[in-house]
K.L.:
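Next up is a structure, given as structure tokens.
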Amino acid sequence: MSRATSRAWAAARTTADLGALTAQWLEGRLDALPGGSHRGGPDPETAPLVDVLAAVNRAGWVTVQSQPGCDGPAFDGRRWRQRAAVMLLVDTAGRDRLTAAARTAGLLVAEHRAERPGLVREIPVTTWDGDVHTAFGVHFRRRHLRQWFSGCHREALRAVGEAHQVTLADPRWNEDGLLWPLLAAQAAVS
């Protein structure tokens, strides 16, 4: 990680600051996420989502996981399917707005906080030959968030620890038509 990138993450104090920096990373203006993870930018499958993810992060929320909906053979020849999905760290107002809009649109929703997992609902988002390979909506404890955001200021670490963890997923496999337009619209309102 370059010194400039390291300094930028260390200067962040709020989730809005972290979101703005994540948007810069998505757009290739920072060379890594906090702690030096994901050097060189997002995975190729994320390229079509960069604009909407950057807008969501600039709206003051922080995306920590995302994937498009798609269908195809896996690297070893097994069939895989993905649901469009995203996990965000948001404030209470963002949680209320996003979850209400998502439920109205028919999206799958899981949400909780680091100190209070509540009803943890993991949403299967990737299958290989019909077996669940990946789920979003996993509850991340404060220690996991501190690892993800290592190198950030302690105020930023406190902010992500207090944020709501909201996961949204398209109920349909292999589709992108519900989630990304909803997120784009919600980001534009912020």
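Numbering of residues begins at 1 and proceeds along the displayed sequence. What you are looking at is a predicted structure, and each value in this text was computed from that prediction instead of being measured.
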K.L.:
So, does Asp31 use its side chain to make a donor-acceptor pair with the main chain of Ser2 at under 3.5 Å?
P.N.:
yes
K.L.:
What's the shortest heavy-atom distance between Ala156 and Ala12, and which atoms?
P.N.:
CB-O, 3.4 Å
K.L.:
Hey, are the side chains of Gln67 and Thr126 touching, using non-hydrogen atoms and a 4.5 Å cut-off?
P.N.:
yes
K.L.:
Has the side chain of Thr104 got a donor or acceptor atom that lies under 3.5 Å from a matching backbone atom of Ala100?
P.N.:
yes
K.L.:
Between the side chains of Glu111 and Thr167, does any donor sit under 3.5 Å from an acceptor?
P.N.:
no
K.L.:
Under a 4.5 Å cut-off applied to non-hydrogen side-chain atoms, are Ser150 and Pro34 in contact?
P.N.:
no
K.L.:
Got a donor-acceptor contact below 3.5 angstrom from the Asp43 side chain to the Thr46 backbone?
P.N.:
no
K.L.:
Give a yes or no on whether the backbone of Leu98 and the side-chain of Gln186 come within a donor-acceptor separation of less than 3.5 Å.
P.N.:
no
K.L.:
I'd like to know if Arg78 pairs up with Asp131 as an ion pair, taking the criterion as any Lys NZ or Arg NE/NH1/NH2 lying under 4.0 Å from an Asp or Glu carboxylate oxygen.
P.N.:
no
K.L.:
Parallel under 30°, tilted from 30 to 60°, perpendicular over 60°: which one fits the rings of Trp148 and Phe140?
P.N.:
tilted
K.L.:
Can you tell if the side chain of Leu18 reaches within under 4.5 Å of the side chain of Trp9, non-hydrogen atoms only?
P.N.:
yes
K.L.:
Using side-chain heavy atoms (C-beta onward) and a distance below 4.5 Å, is Arg154 in contact with Arg146?
P.N.:
no
K.L.:
For residues Arg95 and Val166, determine if any side-chain heavy atom of one lies less than 4.5 Å from a side-chain heavy atom of the other.
P.N.:
yes
K.L.:
Test Asn57 against Leu26 for side chain to side chain contact (heavy atoms under 4.5 Å, CB included), laying out the working first.
P.N.:
CA-CA 10 Å; Asn57 280 282; Leu26 284 160; 3.7 Å; yes
K.L.:
Would you sort out whether Arg103 and Val109 count as a side chain to side chain contact (heavy atoms under 4.5 Å, CB included), showing the intermediate values?
P.N.:
CA-CA 7 Å; Arg103 286 186 175 107; Val109 177; 3.7 Å; yes
K.L.:
Short question: side chain of Asp176, backbone of Ala84 - any donor-acceptor pair under 3.5 Å?
P.N.:
no
K.L.:
Do the side chains of Ile123 and Leu89 join up, straight or via other hydrophobic residues, at under 4.5 Å, putting them in one cluster?
P.N.:
no
K.L.:
Between Arg58 and Glu27, does any side-chain N to carboxylate O distance fall below 4.0 Å?
P.N.:
yes
K.L.:
Hey, are the side chains of Thr15 and Val160 touching, using non-hydrogen atoms and a 4.5 Å cut-off?
P.N.:
yes
K.L.:
Counting C-beta onward and ignoring hydrogens, is there a side-chain heavy-atom pair between Arg142 and His144 closer than 4.5 Å?
P.N.:
no
K.L.:
State, with a plain yes or no, whether a side-chain heavy atom of Trp180 is found less than 4.5 Å away from one of Pro48.
P.N.:
no
K.L.:
What distance separates Thr22 OG1 from Asp17 CG, expressed to the nearest 0.5 Å?
P.N.:
10.5 Å
K.L.:
Checking Arg13 side chain against Ala11 main chain: does a donor-acceptor pair fall under 3.5 Å?
P.N.:
yes
K.L.:
Between the side chain of Arg83 and the main-chain N/O of Pro124, is any donor-acceptor distance below 3.5 Å?
P.N.:
yes
K.L.:
Rounded to the nearest 0.5 Å, what's the gap from CZ on Phe136 to CG on Leu108? Could you check?
P.N.:
12.5 Å
K.L.:
Taking atom OG1 of Thr99 and atom CG of Leu107, what is their separation to the nearest 0.5 Å?
P.N.:
11.0 Å
K.L.:
Please name the pair of heavy atoms, one in Gln82 and one in Trp173, separated by the smallest distance, quoted to 0.1 Å.
P.N.:
C-CE3, 3.7 Å
K.L.:
To check you understand the geometry: which heavy-atom pair defines the closest contact between Pro171 and Gly106, and what is its length?
P.N.:
CG-O, 3.3 Å
K.L.:
Minimum heavy-atom separation for Leu88 and Val56, please, with both atom names.
P.N.:
CD2-CG1, 3.3 Å
K.L.:
Mind listing the closest non-hydrogen atom pair of Ala110 and Gly137 along with its distance?
P.N.:
CB-CA, 4.2 Å
K.L.:
Can you give me the closest heavy-atom contact between Asn174 and Cys70, atom names plus distance?
P.N.:
OD1-O, 2.8 Å
K.L.:
Let me confirm one number: the CE-CD distance from Met87 to Gln65, rounded to the nearest 0.5 Å.
P.N.:
6.0 Å
K.L.:
How far does CD of Glu175 sit from CG of Asp71, to the nearest 0.5 angstrom?
P.N.:
10.0 Å
K.L.:
Is there a donor-acceptor pair under 3.5 Å between the side chain of Thr5 and the backbone N or O of Met1?
P.N.:
no
